[in-house]
Amino acid sequence: MRVRIAPSPTGDPHVGTGYIGLFNQAFARHHGGQFVLRIEDTDQKRSTLQSEQMIYKSLAWLGLRWDEGPDVGGPFGPYRQSERGAIYAAATQTLLDNGTAYRCFCSAERLDAIRQDQRDRKETPRYDGFCRDLDREQSRLRAEAGQTHVVRLRMRTDGESIVADALRGDVAFDNKQIDDQVLLKSDGLPTYHLANVVDDHHMHITHVIRAEEWLNSTPKHLALYEAFGWEPPVFVHMPLLRNADKSKISKRKNPTSLEFYQRAGILPEAMLNFLGLMGYSRKDEAGNDLEKFSLQEFTDDLDLTRISLGGPVFDLRKLDWLNGLYLRTMTPEVLVERCLDFLREDERYQGVARLVQERLTSLGDFLHHAEPFFESNRPAGLAARHFLVGSGSRKKTAIKLNREQSQAFFEDCVTRLEGLLQWSHDAIDAALRQAVAQAGVQVGDGLMAVRVAIAGRPAAPPLFETVEVVGRALTLHRLRQVANWLADPQFLEAEIAAASQELAAAQLALHGAAPE
RNA sequence: GCCCCGUUAGUCUAGCGGUCAGGACACGGCCCUCUCAAGGCUGGGACAGGAGUUCAAUUCUCCUACGGGGCACCA
């Protein structure tokens, strides 16, 4: 048995990739098969090599080990789709020759127009078949003349397609509902649908274990297998990880980057364990649910038919509990090792040392100053008043932003930082200054708000360096967290009230009981 | 709008016709304790609604509601 995961190197390594990867690998190992990693980089605009590297790094951190992949090779490579152009070209030609695909010369404008029209008439937006019956010879000549075009799948318009999903049973789709999918884009690269089917076949994939979002496009894939005369694999559509509001997990509402969890000090074995609890459960001898288990144990008795299909909410509180459980059951020796490794293996370590250095009077001070860089959860706490931008300012001229405005400011910071191609001091500097200018507050006040959001305290190393060192994943998470706090007036109020109480108590302790 | 999937407590789940509906996170209380955690005990809290099938439905079927996903020259 052979399975694969096929992440797309666009952006941060996604926790969903880890989730699907876990089940794929465990399935392969359980059955003594192979687990393949394939990089789906057919989207030229969005794919980056950097992102690809991060995928390897994060999946390896999690503890997943693939038998074949771009980085480790294998007998059915190349494993990067951008390097398989000739294979897709040949496959496309086969379909063109046997009439199951056709060239389409329609412009993007025309397609937009008909889709809009269909939407207006409340119909399912789909290709209208304008080029479907072009003369084959004509079509060939136009293509040879260099006219830009795509290649589309000629979908049957009658009957229905049955997807035999391993978890759901037969799922029927009316063929009339299925679009003539583009297989080859005008840039000559294949779409997911084509590349996926061709590669899965050539890589001898027997079981496709992927996210539920693909279920609806499976009929297209089935049509492709048929067009090629190939045997389709077994399909297993896993439930989607969800935000607290049950929508598909997204970085707006949850940290989705595996890098974030690594940097936040989550143990990979706890993360894997937690993912193994999503839509799945194991039992102990007494028949109760087993909460803690190793990858090996998970793999040993994995049974995909036990997967439950309701979309599991990715609840960080339980992850934290599990992580603590792992931490508490280590021997002190191992714990020390893990902590030191956590710091040592983190490339931020050097950067933190550099920033903290000038503030030290003893080695023991290091921990205090380094805390903001590694801490995972940051309660709003004592410095919360800074989140209302300008409110913490001692300047009389300070422009204060109200709750909504402050929230908008933090969200703007997120958007600008998110868009940075280079996570460098200068780029961060520029982005944050723009955000401050946009908000119309004084530079010091705006940056102070960001500083407190990032470092949790007003006294910290210079902001841009700090942000650079803290890194993208954690920085964005902390800013989003503050934006979310600001979105909930009660929460922030309570936080500030608690903080002032804390402050009063501290002062009381310092100066003795106040006179009656 | 159309198509598809799903629905046990706030959350993760067990259950596959007859159960006091089990476990876990979170939450409350008590205990332990110099604090905080951890730990122990304990409490509240769920089968979305309605028809049907059956001696018997959380479990099977249908309808409704709700949630989600898809409908791209993104994956």
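Quantities reported herein were computed from a predicted structural model and do not represent experimental measurements. Just so we're on the same page: letters track the sequence lines, and every chain starts at 1.
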Positions of [range] (non-hydrogen atom under 4.0 Å from RNA chain B), listed by number:
{"range": "residues 203-221 of chain A", "value": "A:E212, A:E213, A:W214, A:L215, A:N216"}
{"range": "residues 83-107 of chain A", "value": "A:C106"}
{"range": "residues 4-27 of chain A", "value": "A:S8"}
{"range": "residues 271-279 of chain A", "value": "A:L277, A:M278, A:G279"}

Mind checking the [atom1] distance from [N] to [M]? Whole angstroms is fine.
{"N": "B:rA46", "M": "B:rU11", "atom1": "P", "answer": "13 Å"}
{"N": "B:rU61", "M": "B:rC5", "atom1": "P", "answer": "13 Å"}
{"N": "B:rC31", "M": "B:rC47", "atom1": "C1'", "answer": "34 Å"}
{"N": "B:rG15", "M": "B:rU8", "atom1": "P", "answer": "14 Å"}

Hey, could you give me each pair passing side-chain hydrogen bond (donor to acceptor under 3.5 Å, both in side chains) that has a residue in residues 269-280 of chain A? Not counting sequence neighbours.
A:E269-A:R338, A:N273-A:Y326
Applying a 3.5 Å limit to both distances, which nucleotide forms a Watson-Crick or G-U wobble pair with B:rA24?
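With both distances under 3.5 Å, B:rA24 matches B:rU11.
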Any strand counts, and the cut-off is 3.5 Å on both contacts for Watson-Crick or G-U wobble. Which nucleotide pairs with B:rC32?
none
Distance-only side-chain donor-acceptor flag, [X] / [Y], under 3.5 Å:
{"X": "A:D12", "Y": "A:T256", "result": "no"}
{"X": "A:Q296", "Y": "A:D300", "result": "yes"}
{"X": "A:Y192", "Y": "A:E40", "result": "no"}

Salt bridge (charged side-chain N to carboxylate O under 4.0 Å, His left out) involving [X] - partner list, sequence neighbours excluded:
{"X": "A:D133", "value": "A:R154"}
{"X": "A:D158", "value": "A:R156"}
{"X": "A:D315", "value": "A:R317"}

Contact span of RNA chain B against chain A, any nucleotide atom under 4.0 Å from a heavy atom, 5' to 3', runs B:rG1 to B:rA75
Pairs touching residues 301-312 of chain A that satisfy salt bridge (Lys or Arg N to Asp or Glu O under 4.0 Å), sequence neighbours left out
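For residues 301-312 of chain A: A:R282-A:D301.
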Holding to ring-ring contact (aromatic ring centres under 6.0 Å, His included), I want the full list of residues that pass it with A:W230, two or more places apart in sequence or in another chain.
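ring-ring contact (aromatic ring centres under 6.0 Å, His included) list for A:W230, sorted by chain: A:H201, A:H202, A:F228.
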Of all pairs that satisfy ring pair (Phe, Tyr, Trp, His ring centres under 6.0 Å), the ones with a partner from residues 88-128 of chain A, not counting sequence neighbours:
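Counting only pairs at least two positions apart or across chains, the ring pair (Phe, Tyr, Trp, His ring centres under 6.0 Å) contacts touching residues 88-128 of chain A are A:F105-A:H149.
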